[in-house]
2 protein chains.
Amino acid sequence: MDGRHARGIHTRRVTLARAVDLATVSGLDGLTLGGLAADLRLSKSGIFAHFGSKEELQLATIAFAEEIFTEHVLRPAFQMPRGKPRLLALFERWMAFSRGRVFTGGCFFSAVTAEFDAREGRVHDVVVEWRQVWMDLLQRLASEAVEEGHLPEDTDVAQLAFELNAFGRAANHDGVLTNANIHYDRALTAIRARLGESGGVSQQAREPGVDDR
Amino acid sequence: MDGRHARGIHTRRVTLARAVDLATVSGLDGLTLGGLAADLRLSKSGIFAHFGSKEELQLATIAFAEEIFTEHVLRPAFQMPRGKPRLLALFERWMAFSRGRVFTGGCFFSAVTAEFDAREGRVHDVVVEWRQVWMDLLQRLASEAVEEGHLPEDTDVAQLAFELNAFGRAANHDGVLTNANIHYDRALTAIRARLGESGGVSQQAREPGVDDR
DNA sequence: GGAGTATTCGAACGATCGGTCAAATAGTGT
DNA sequence: ACACTATTTGACCGATCGTTCGAATACTCC
């Protein structure tokens, strides 16, 4: 009744899934209608018809990546108790997400924010918006950890969010660049230390993926 | 006598200078012979003749960026005394380099390592090499700081280098993405804290550039 | 100043880019 | 089964990509 057939919806999802993965390797700008079409054994115009322009394809790809990120990282983390456990779980899930190569090129947003940081246009604007939502989330979880008494009262949550995010992104980039997993361990070590955890390596969330090095 | 004329050398340098700057905005892959030529009011084939292929242009651009980075960041930092002062100065210079927009899109290497982390080929390999040299340098300066007694004997210098580098790269990306300077301050705050500096904001190295926010 | 070479240019190549459009096909609702 | 529409296709557009090449220009050295 809404003018959409099941076939079209499926094709769109398959296309976006491939687009997200390709974008983590070649960049969101490196996406090409022709390449995507050849990869999926569809016609270029068939794919084009779903989005109407390359920019719309890029924006739809970002939205699709958000869904997957939410499913793999945010939703599981929010099943942990409010406060430090939830904050820590968020980063453990994030690192597992990148390490497990859910996307070939690691974390989609780490790649795309770096790609579009200095550009202009709608894609850049959406990326800036997403970053703000992400940083607000980190800051909120940090604040909740303070409220729960898991972190000192005088914690600068904005500063803390910056530092934790820095560790996560560095691990993602270095992990993909060198194809080694030690960077993820370094990030989690730094994150736990910054959150005042003294213990050793805890039970880590893991995605199946490349071997450790 | 070596078969090179002054005119050609100058053109090559001017071309590479523009290429480095463009690459920090549109990426090293976003560089185009035609765009570069139009920008410099030269012919496309004239520019091409200097490099022989786009890949060689990309590699030459990386080498040129190294020179500039060395001049603006490494050389000044090495004028500071061995140990913590030199290590700290390296990051202060790096942040001033990005903040001052010596290149329109901030730090060249932060952008390029993110762009090529998941790709293959000679450019990727050179980027990986560069990253290793950079991380080795950070680790060496940290080790010297330990030797000088400026850092605890049991410091994990590899872990320290990872964390400091993470702060710097995050500041660069966030600074360019949001066009705000607070991220550079956050990075320097984090770096000084991690190095055990308790004091307030010291005399910072600054490049002329965008206003603070 | 003239020989010789380094540099630059302009025209052109095939390939691919994002995008358009009319026609063919597949799916839905009655 | 039929009408209607969503989907997909293939041929094609102008622009631009990296690259080639022969000719014109600018420089250096004797």
Side-chain angles (χ1 to χ4, degrees), chain A residues 1-20 22-23 25-62 64 115-116 119-124 126, chain B residues 1-20 22-23 25-62 64 115-116 119-124 126:
Chain A
M1 195 53 85
D2 61 352
R4 315 195 72 179
H5 288 187
R7 159 104 92 155
I9 294 175
H10 177 253
T11 302
R12 190 187 151 96
R13 284 189 68 87
V14 169
T15 302
L16 287 176
R18 193 82 192 93
V20 170
L22 284 175
V25 176
S26 305
L28 208 42
D29 217 56
L31 280 180
T32 67
L33 280 305
L36 209 44
D39 198 289
L40 297 167
R41 298 177 194 269
L42 297 174
S43 72
K44 188 167 64 160
S45 50
I47 290 182
F48 183 86
H50 277 281
F51 306 100
S53 74
K54 181 174 177 177
E55 192 179 48
E56 287 297 332
L57 166 66
Q58 293 174 319
L59 294 173
T61 301
I62 294 176
F64 194 79
E115 181 182 5
F116 281 86
R119 304 193 198 187
E120 297 180 349
R122 289 213 286 158
V123 178
H124 167 270
V126 167
Chain B
M1 197 52 84
D2 61 353
R4 315 195 72 179
H5 288 187
R7 159 103 93 154
I9 295 174
H10 177 253
T11 301
R12 189 187 153 97
R13 285 188 67 86
V14 169
T15 301
L16 287 176
R18 193 80 192 96
V20 171
L22 284 175
V25 176
S26 305
L28 207 44
D29 217 56
L31 279 180
T32 66
L33 280 306
L36 209 45
D39 198 289
L40 297 167
R41 298 178 196 270
L42 297 174
S43 70
K44 191 165 63 158
S45 50
I47 290 182
F48 183 87
H50 277 280
F51 305 100
S53 75
K54 181 173 178 179
E55 192 179 46
E56 287 297 332
L57 166 65
Q58 292 174 320
L59 296 173
T61 301
I62 293 175
F64 194 78
E115 182 182 3
F116 280 86
R119 303 193 200 188
E120 298 181 348
R122 289 213 287 158
V123 178
H124 167 271
V126 168

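Each chain gets a letter, A, B and so on, in the order the sequences are listed, and its residues count up from 1. Source: prediction; values computed, not measured. Every heavy atom of this structure was used, including side-chain atoms; hydrogens, water molecules and symmetry mates were not.
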[X] side-chain N/O to [Y] backbone N/O, donor-acceptor pair under 3.5 Å:
X: B:R18; Y: B:L40; answer: no
X: B:Q58; Y: B:V123; answer: no
X: B:K54; Y: B:L31; answer: yes
X: A:R119; Y: B:S26; answer: yes

Find the distance [X]:[atom1] to [N]:[atom2] and express it as a whole number of Å.
X: A:L36; N: C:dG19; atom1: CG; atom2: P; result: 13 Å
X: B:R4; N: C:dA6; atom1: CZ; atom2: C1'; result: 10 Å
X: B:L40; N: C:dC9; atom1: CG; atom2: P; result: 10 Å
X: A:I9; N: D:dT8; atom1: CD1; atom2: C1'; result: 16 Å
X: B:F51; N: D:dT20; atom1: CZ; atom2: P; result: 16 Å
X: A:E56; N: C:dG19; atom1: CD; atom2: C1'; result: 14 Å
X: B:L42; N: C:dA6; atom1: CG; atom2: P; result: 20 Å
X: B:H5; N: D:dC27; atom1: NE2; atom2: C1'; result: 5 Å

Query raised in the report: For DNA chain D, whose closest nucleotide is more 5', that of B:A6 or that of B:F48?
Result: B:F48
Query raised in the report: How long is the gap from CZ on B:F64 to OG1 on B:T15, to the nearest 0.5 Å?
Result: 9.5 Å
Give a yes/no on whether any side-chain N or O of [X] is located under 4.0 angstrom from OP1 or OP2 of [N].
X: A:H10; N: D:dT7; value: no
X: B:R7; N: D:dC27; value: yes
X: A:T11; N: D:dT8; value: yes

Under-3.5 Å N/O pairs linking protein and nucleotides 11-17 of chain D:
from, atom 1, to, atom 2, distance (Å)
D:dC17, OP1, B:T32, OG1, 3.2

Requested in this report: Name the residue closer to the 5' end of DNA chain C, choosing between A:E55 and B:S43 according to the nucleotide with the nearest heavy atom.
Outcome: B:S43
Query - Closest non-hydrogen atom pair between B:A37 and B:S43, with its separation - result: CB-C, 3.8 Å
Report summary line: For A:E115 and A:D29, the nearest pair of non-hydrogen atoms, with its separation, is OE2-N, 2.9 Å
Query raised in the report: Which is true for A:I47 with a 4.0 Å heavy-atom rule: it touches a base, it touches only sugar-phosphate, or it touches nothing?
Result: nothing
